[in-house]
Amino acid sequence: TTKIQVAIDGPASAGKSTIAKIIATQLGYIYVDTGAMYRTITLAAIRANKITVGQTSADEQVISELLTNVEIGFAPSENGQLVFLNDTDVTEDIRQADVNSLVSLVAAIPAVRTDLVERQRQLAATSSVVMDGRDIGTMVLPNAQVKIFLVASVAERAQRRFAENQAKGLDTELTLEEIEASIARRDYLDSHREVSPLKQADDAVLVDTTGLSIEQVVTEITNLISKKI
Ligand code: C5P
C-alpha cells in the first residue's frame, strides 16, 4: 500500500503543529514534529555547554559532535505528544526561551540538517505521515502528495502565542511586543540561512490562516487532502 505524506511548512507560530496533530489523528497517520527535533538538539547543546544564550553564531564542529549521542524519541500523550532526549522527557524544556533564542542558529548548521533530515525520512518510511517544519515540502519529502504552506500575519501569530502563554501560565512575563520580535527574528534567520531556508515549495498550496479558526483551517486542509488522495 502507498504511504501518504502530508507536508506542512510555514513560519514560526503559524499553528502548524496544532493543525498537523488534528489532521494526523483524523487520518490515522503518524505526526512528526520536526521543529521538536531541532529543539532537542539545541537543548542537548545547551546542557553540554556547547552553546549559550547571547551567542550570535554556533560552532558547527562542536555541535555536530553531539549528534551521535542524541536520541530523539516521541510518545503519544493525552494532549499531544511527549518528546524525549535519550529517555529524559524534555517536552516542556524544549519550549523555553533559551531554546527559542538559539534553535535557529543550531538549525542553520549543515551537519545538523543532514542528520535530522535522514531521521525524518526514516520516520516517514514506516507509515503514512503528517510532518511539519520549514523544509518538509522542499527537502525532506519532495514527493509528498500534499504540501501546505501555512502562514498568518506576524501580528496575529504573536497574539495567538501571547494568549496561549497566558492561558497555560507559561512565560507570562513576556509582552506581546517581545513575542512578536522573537517570532520575527526566528523567521528572518530561518528564511535567510544558506541550507534549506524556509520557503514555499513550488507545488505547495498557500493557506493564510489570518482571521480563521482552527476548525476552519482544518476543514480547508482536509478538503485539499481529499482532492489529492
Ligand atoms: O516548528 P518550531 O517553531 O518548533 O521549530 C523550531 C525551529 O527549528 C525553527 O525556528 C527552525 O529554526 C528550526 N526548524 C528547521 N527546519 C524544520 C523545522 C524546524 O530549521 N524542518
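These values consider heavy atoms only, across backbone and side chains, with no hydrogens, waters or symmetry-generated copies. Both counts, for ligands and for their atoms, begin at 1 and track the order of listing.
Nearest to atom 17 (C) of ligand 1 among the protein's heavy atoms is R134 N, 3.4 Å. With respect to atom 14 (N) of ligand 1, the closest heavy atom belonging to the protein is Y38 CD1, 3.6 Å. Protein heavy atom in closest approach to atom 18 (C) of ligand 1: T34 OG1, 3.3 Å. Of the protein's non-hydrogen atoms, the one nearest atom 4 (O) of ligand 1 is R39 NE, 2.7 Å. Nearest protein heavy-atom neighbour of atom 16 (N) of ligand 1: R113 NH2, 3.0 Å. Considering only non-hydrogen protein atoms, atom 6 (C) of ligand 1 sits nearest to R186 NH1, 3.5 Å.
Both the backbone and the side chain of S104 come within contact range of ligand 1, each with a heavy atom under 4.0 Å. If you look at Q120 next to ligand 1, there are no close heavy atoms at all, none under 4.0 Å.
The contact set between ligand 1 and G133, taken as ligand atoms under 4.0 Å from a residue heavy atom, comprises 17 (C), 18 (C), 21 (N). Here is the list of ligand 1 atoms found below 4.0 Å of a heavy atom in R95: 4 (O). Heavy-atom contacts of V103 reach the following atoms of ligand 1: 7 (C), 8 (O) (cutoff under 4.0 Å). Within ligand 1, the atoms closer than 4.0 Å to a non-hydrogen atom of A107 are 12 (O), 13 (C), 20 (O), numbered from 1 in the order shown. Taking every non-hydrogen atom of D135 and a distance limit under 4.0 Å, the qualifying atoms of ligand 1 come out as 16 (N), 17 (C), 21 (N).
With rounding to the nearest 0.5 angstrom, the CG atom of D33 is 3.5 Å from the OH atom of Y31. In this structure, I179 CD1 and R161 CZ are separated by 8.0 Å, a value rounded to the nearest 0.5 Å.
Within a 6.0 Å sphere centred on CD of E173, other residues, nucleotides and ligands contribute more than 12 heavy atoms. Annotation: L176, atom CG; neighbour count of heavy atoms from other residues, nucleotides and ligands within 6.0 Å is above 12. Within 6.0 Å of CD on E71 lie no more than 12 heavy atoms contributed by other residues, nucleotides or ligands. Residue D87 qualifies as open at atom CG: its count of foreign heavy atoms under 6.0 Å is 12 or below.
No salt bridge links D187 with R134; every basic N to acidic carboxylate O contact stays at or beyond 4.0 Å. The pair D203-K147 meets the salt-bridge criterion, since a charged nitrogen lies less than 4.0 angstrom from a carboxylate oxygen.
Distances shorter than 4.0 angstrom do not occur between any heavy atom of M37 and any atom of ligand 1. In this structure, M131 does not count as a contact residue of ligand 1, since none of its heavy atoms falls inside 4.0 Å of the ligand.
No donor-acceptor pair closer than 3.5 Å links the side chain of K21 to the backbone N or O of G80.
Within the 4.5 Å cutoff, the side chain of S191 has no heavy atoms near those of the K199 side chain.
Taking only nitrogen or oxygen atoms, main chain and side chain alike, D132 does not reach within less than 3.5 Å of ligand 1. Of the polar atoms of D190, at least one N or O is found under 3.5 Å from an N or O of ligand 1, judged by distance alone.
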Take I136 and Q5, measure what side-chain contact (heavy atoms from CB on, under 4.5 Å) needs, and give me the verdict at the end. CA-CA 10 Å; I136 311 307; Q5 300 177 337; over 6 Å; no

